Asker: 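Got a structure here, written out as structure tokens. Questions coming.
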Amino acid sequence: MSQNEDIIYKSEFSIVPFIGLIVGIGGFGFAGFILLENYKSIGGIILILPGLFFILSALSLTALLSLKSVIFTRRKLIFKYIFIPKKYEIDWNEINDLKVKFAALRINDGYAYKVVYTGKDLKIYFNKRSILLESFCYLEFEELLSKFGKRITPALKQKIKSTYKGSEKKFWQEDDKYWRILNKIVLPFTLGILILILLLKL
């Protein structure tokens, strides 16, 4: 691509994955160091934990290395990895399939899992390869999708809508099922066991 060749869109990164990497490596490294310093009083088996922390830090780094800039020109769709010398340039008509998936993050608040973040994953297929773009990595991801939608065929645009709606519906159905099982089966069963234990102690 020539310098400044009619660029019509360029993505911007969110700070979320960068903060995640810093917190992940810093937190896991600190915890691992504390465990190593005190393993004799805690127990030798605890040495496994720093190894697990290292693996989690490596996974965080791998996720960050997968970050890529997205550039639209009138003729091409361009992906540039920001930390590794890898680049894809494809013509718009080389895109042969697309999937937009509903994405969500749950956290455990001590009683149950709650959804604290929702987003989207866009997977682009071309020439027997695929590229995944995750909304939490980018600022204004909806704008990216909007600009992207103007460059693809109507059939692919319709597929984006249908796959997203299908994945979103499936997620919330599974979420509803989870809460039904929790409220109607798990909690009453747990409460029943606690009551039985108290009665047996009387």
Side-chain angles (χ1 to χ4, degrees), residues 1-25 54-107 115-175:
M1 184 180 72
S2 62
Q3 190 73 20
N4 298 324
E5 180 193 343
D6 56 352
I7 294 175
I8 56 179
Y9 176 79
K10 185 175 182 180
S11 63
E12 295 182 50
F13 294 114
S14 166
I15 63 170
V16 172
F18 299 94
I19 291 175
L21 178 68
I22 294 169
V23 172
I25 290 179
F54 174 79
I55 292 171
L56 288 172
S57 298
L59 290 174
S60 298
L61 181 59
T62 301
L64 194 59
L65 289 175
S66 70
L67 280 179
K68 59 197 79 68
S69 293
V70 185
I71 300 170
F72 299 171
T73 73
R74 299 191 183 282
R75 297 185 300 109
K76 292 182 179 291
L77 174 59
I78 302 163
F79 302 103
K80 289 182 179 179
Y81 287 80
I82 62 173
F83 290 121
I84 55 178
K86 197 172 184 180
K87 177 180 176 182
Y88 290 109
E89 286 191 28
I90 61 173
D91 291 334
W92 286 101
N93 58 13
E94 290 181 293
I95 299 173
N96 49 51
D97 200 6
L98 292 168
K99 289 181 182 177
V100 177
K101 183 181 177 183
F102 179 83
L105 174 66
R106 287 188 176 107
I107 62 167
V115 176
V116 295
Y117 168 84
T118 60
K120 297 177 181 178
D121 294 341
L122 170 63
K123 197 164 190 179
I124 304 167
Y125 296 85
F126 60 97
N127 299 331
K128 298 182 179 179
R129 301 186 183 209
S130 64
I131 291 282
L132 179 65
L133 306 177
E134 297 169 314
S135 60
F136 78 92
C137 294
Y138 299 92
L139 292 175
E140 304 295 340
F141 192 73
E142 291 298 327
E143 182 185 359
L144 187 154
L145 285 179
S146 176
K147 299 278 189 183
F148 186 78
K150 293 176 182 178
R151 312 302 304 176
I152 58 177
T153 64
L156 288 175
K157 191 184 299 186
Q158 183 57 40
K159 184 162 189 180
I160 283 181
K161 292 180 181 178
S162 61
T163 55
Y164 177 76
K165 287 180 180 178
S167 66
E168 183 181 28
K169 182 179 179 182
K170 183 179 179 181
F171 174 86
W172 290 117
Q173 285 175 340
E174 291 177 350
D175 191 68

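Note that the coordinates shown come from a computational prediction; the quantities given were computed from them, not determined experimentally.
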Asker: Looking only at heavy atoms, what is the nearest atom pair of S167 and F102, with distance?
Answerer: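 Shortest heavy-atom contact: OG-N, 2.8 Å.
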Asker: Indicate the atoms forming the closest heavy-atom contact of F141 with E134, along with that distance.
Answerer: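 Shortest heavy-atom separation between F141 and E134 comes out as CE1-C, 4.3 Å.
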Asker: Would a 4.5 Å heavy-atom cut-off, applied to side chains only, mark K80 and Y88 as touching?
Answerer: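 Sidechains of Y88 and K80: no contact.
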Asker: State the CD1-CD1 distance between I90 and I95, to the nearest 0.5 angstrom.
Answerer: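 The distance works out to 4.5 Å.
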Asker: With a cut-off of under 6.0 Å to the ring centre and 45° to the axis, is K68 in cation-pi contact with F79?
Answerer: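 That pair does not qualify as a cation-pi contact.
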Asker: Would you compute the distance between atom CG of L65 and atom CD1 of I84 and round it to the nearest 0.5 angstrom?
Answerer: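 One gets 6.5 Å once the value is rounded to the nearest 0.5 Å.
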Asker: Please report the shortest heavy-atom distance between R151 and R74, naming the atom on each side.
Answerer: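 What the structure gives for the nearest pair is NH2-O, 2.9 Å.
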Asker: Rounded to the nearest 0.5 Å, what's the gap from CG on L144 to CG on L122? Could you check?
Answerer: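 L144 atom CG to L122 atom CG measures 7.5 Å (nearest 0.5 Å).
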Asker: Evaluate the salt bridge (charged side-chain N to carboxylate O under 4.0 Å, His left out) criterion for residues K120 and E142: first the C-alpha distance (whole Å), next the side-chain angles of each, then the deciding distance (0.1 Å), finally the verdict.
Answerer: CA-CA 9 Å; K120 297 177 181 178; E142 291 298 327; 3.0 Å; yes
Asker: CG of L67 to OH of Y138: how many Å apart, nearest 0.5 Å?
Answerer: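 Result: 6.0 Å between the selected atoms.
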Asker: Out of the candidates L77, I78, I71, only one should pair with E89 under the side-chain contact (heavy atoms from CB on, under 4.5 Å) rule; please name it.
Answerer: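 Testing E89 for a side-chain contact (heavy atoms from CB on, under 4.5 Å) against L77, I78, I71 leaves exactly one candidate, I78.
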Asker: How long is the span from the CD atom in Q158 to the CD1 atom in I152, to the nearest 0.5 Å?
Answerer: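 Atom-to-atom, Q158:CD and I152:CD1 are 10.5 Å apart.
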Asker: Hey, are the side chains of Y164 and S162 touching, using non-hydrogen atoms and a 4.5 Å cut-off?
Answerer: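 SC-SC contact between Y164 and S162 ruled out.
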Asker: Taking C-beta and beyond as the side chain, do K169 and K165 meet within less than 4.5 Å on heavy atoms?
Answerer: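 No, side chains not in contact.
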Asker: Using a 4.5 Å cut-off on heavy atoms from C-beta on, say whether the side chain of S69 contacts that of I82.
Answerer: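 Sidechains of S69 and I82: in contact.
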Asker: Check this for me: E94, atom CD, are more than 12 non-hydrogen atoms of other residues, nucleotides or ligands nearer than 6.0 Å?
Answerer: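 Enclosed: over 12 neighbouring heavy atoms sit under 6.0 Å from CD of E94.
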Asker: Can you confirm whether K123 sits close enough to Y125 that some side-chain heavy atom of one is under 4.5 Å from a side-chain heavy atom of the other?
Answerer: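 Side chain of K123 against side chain of Y125, heavy atoms only: contact under 4.5 Å found.
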Asker: If every non-hydrogen atom of S135 is compared with every non-hydrogen atom of G119, which pair is closest and at what distance?
Answerer: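 Closest approach of S135 to G119: OG-CA, 3.3 Å.
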Asker: Quick check: closest heavy atoms across N127 and N96, and the distance to 0.1 Å?
Answerer: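 Nearest heavy atoms, N127 then N96: N-ND2, 3.5 Å.
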Asker: Distance check, rounded to the nearest 0.5 Å: I124 atom CD1 versus L132 atom CG?
Answerer: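 Output value for this atom pair is 9.0 Å.
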Asker: State whether the number of non-hydrogen atoms from other residues, nucleotides or ligands found under 6.0 Å of E12 atom CD is greater than 12.
Answerer: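 Count not over threshold, so no.
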Asker: Is it true that a side-chain atom of T163 and a backbone atom of K159 form a donor plus acceptor pair closer than 3.5 Å?
Answerer: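 Indeed, once roles are kept as given, a pair shorter than 3.5 Å links the two residues.
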Asker: Do V100 and K161 have side chains that get closer than 4.5 Å, going by heavy atoms?
Answerer: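 A side-chain contact under 4.5 Å is absent here.
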Asker: Is the F126-W92 ring centre distance short of 6.0 angstrom?
Answerer: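 Aromatic pair excluded; centres sit 6.0 Å or further apart.
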Asker: Which atom names give the shortest non-hydrogen contact between L98 and I160, and what distance separates them?
Answerer: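 Smallest interatomic distance, heavy atoms only, reads CD1-CD1, 3.8 Å.
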